[in-house]
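Numbers restart at 1 for each chain; the letters A, B, ... are given by sequence-line order, proteins then strands.
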2 protein chains.
Amino acid sequence: MGRPDRTRRTLLDAAVVVLSKDSAASLSAVAEHAGVGRTTLHRYFPTRELLIRALVEDALDRVAEAIASAHPDEGPVVDALQRVTDTVVPLGPSLSFLHAEPEVYNARDLIRRWYEALEPVAEAIERGQADGSLRADLPVKWVVDAYAGAILTAWDTADEGRIWLQDAPRLVMTTIVHGIATPPQETS
Amino acid sequence: MGRPDRTRRTLLDAAVVVLSKDSAASLSAVAEHAGVGRTTLHRYFPTRELLIRALVEDALDRVAEAIASAHPDEGPVVDALQRVTDTVVPLGPSLSFLHAEPEVYNARDLIRRWYEALEPVAEAIERGQADGSLRADLPVKWVVDAYAGAILTAWDTADEGRIWLQDAPRLVMTTIVHGIATPPQETS
DNA sequence: CCGTTATGGAACGTGAGTGTCCCACTTGGA
DNA sequence: TCCAAGTGGGACACTCACGTTCCATAACGG
């Protein structure tokens, strides 16, 4: 990995840290946190928008890769979701800006890529509904969003010190899979 | 209700609409959407920060009032949560900016007020864990965040047209209370 | 009806962030 | 060692949003 690649990585990492705290932070702040001149930042990412895009795409790549490495298409669906959760959660709160960045919200193609990255999860959920391990009275789209939302919530909650990140995978899985009610009787 | 109050309401409503689409939108855009001069906006909210604060406090008041009107401290806990969900969800996606505004994220007192508004829900959950209707192996703080997060997710998902807002209360309650797995057997 | 009150428009100064350019410097590799 | 690639800093113009002020006008209440 050459010098340029390392500088680029440094900038992206710094941008994640700074922008997740304040999505309106200046590029000077990003460059400073990266220990790099603002000129150099512009050399790699000519405009702010390009930086954001690169940032989001990098994050999406990481999520997609984490999901793929958990092999969501193999074995019992609940086990598969457990594996996905265990690999995605440690990616950390640093990715929680994915649903806060204004630029993301208003860029249709980025939202599309977000759901493309989640597609393997959607397929696993469909598989679970088909084989009877997941309840079929919930729309797949909703289940996908609820699951992803639970992970985002876990990141935010851990960020605020209300839970430990290491507990997050269990909390997310228990809550999403079994719910918060006691198992035996269905309270109506 | 005098003229000033009505203008203030108009401005707050317009600000919710505009800022929830783009949290970095200009005050001109807000004033224009409200059909009001920018001067008038500054007369009611001298600075941008004051507008945001008023906005968030207004939204928090609405949520707190909705929760209170659902009497979360009465009857079976699951029923109580059902009532809260039914009253809060219709407040609409317009409130989803509550967790996206940078100013909110970095204002400690606003976060505190957010959890104050959710306090009755937290008490209901504690009550449920005590009387055995809710599983006790999840931290109350986590359950509160997961529940609130599910409602926020429902708003966002409805906003994107992936579900109907009218279905949201059922989806939220089913998912949070019972989970996404089929009831009978516990898939390990 | 008249006067108080609220509003709208225009203009201005200010500050911050952005993007660009140029030049001196340093780092790394051939 | 020397050269080229990469970097840092300073300076600049430009844009945009913000907050303020002044004044004319419109709306409401007594």
For B/Ala168, what residues pass the side-chain contact (heavy atoms from CB on, under 4.5 Å) criterion, not counting sequence neighbours?
B/Val89, B/Ala154, B/Ile163, B/Leu165
Looking at residues at least two apart in the chain, or sitting in another chain, which of them share a side-chain contact (heavy atoms from CB on, under 4.5 Å) with A/Thr39?
A/Arg43
I'd like to know if B/Asp13 pairs up with B/Arg8 as an ion pair, taking the criterion as any Lys NZ or Arg NE/NH1/NH2 lying under 4.0 Å from an Asp or Glu carboxylate oxygen.
no
I need the full list of salt bridge (Lys or Arg N to Asp or Glu O under 4.0 Å) pairs touching residues 83-96 of chain B, with sequence neighbours left out, sorted by first then second residue.
none
Per the salt bridge (Lys or Arg N to Asp or Glu O under 4.0 Å) rule, what does the pair list look like for residues 160-171 of chain B, sequence neighbours excluded?
A/Asp145-B/Arg162
My understanding is that only residues two or more places apart in sequence, or in another chain, count here; which of them pass salt bridge (charged side-chain N to carboxylate O under 4.0 Å, His left out) with [X]?
X: A/Asp58; answer: A/Arg9, A/Arg62
X: A/Glu116; answer: A/Arg112
X: B/Asp137; answer: B/Arg135

Name the atoms and distances for all side-chain donor-acceptor pairs under 3.5 Å in residues 21-35 of chain B, with sequence neighbours left out.
unit_1	atom_1	unit_2	atom_2	d
B/Asp22	OD1	B/Ala24	N	3.0
B/Ser26	OG	B/Ala29	N	3.3

Where do N or O atoms of nucleotides 18-24 of chain C meet protein N or O atoms at under 3.5 Å, pair by pair?
unit_1	atom_1	unit_2	atom_2	d
C/dT18	OP1	A/Arg48	NH1	2.4
C/dT18	OP2	A/Leu27	N	2.9
C/dG19	OP2	A/Arg48	N	3.0
C/dG19	N7	A/Arg38	NH1	3.1
C/dG19	O6	A/Arg38	NH2	3.0

Can you run down the side chain to side chain donor-acceptor pair (under 3.5 Å) pairs that involve residues 119-129 of chain A, sequence neighbours left out, and say none if there aren't any?
none
Reading DNA chain D 5' to 3', which nucleotide is the first, and which the last, to come under 4.0 Å of any heavy atom in chain B?
D/dA17 to D/dC28
Let me test you: for the helix from C/dC1-D/dG30 to C/dA30-D/dT1, what is the angle between the axes at its two ends (five pairs each), rounded to 10 degrees?
30°
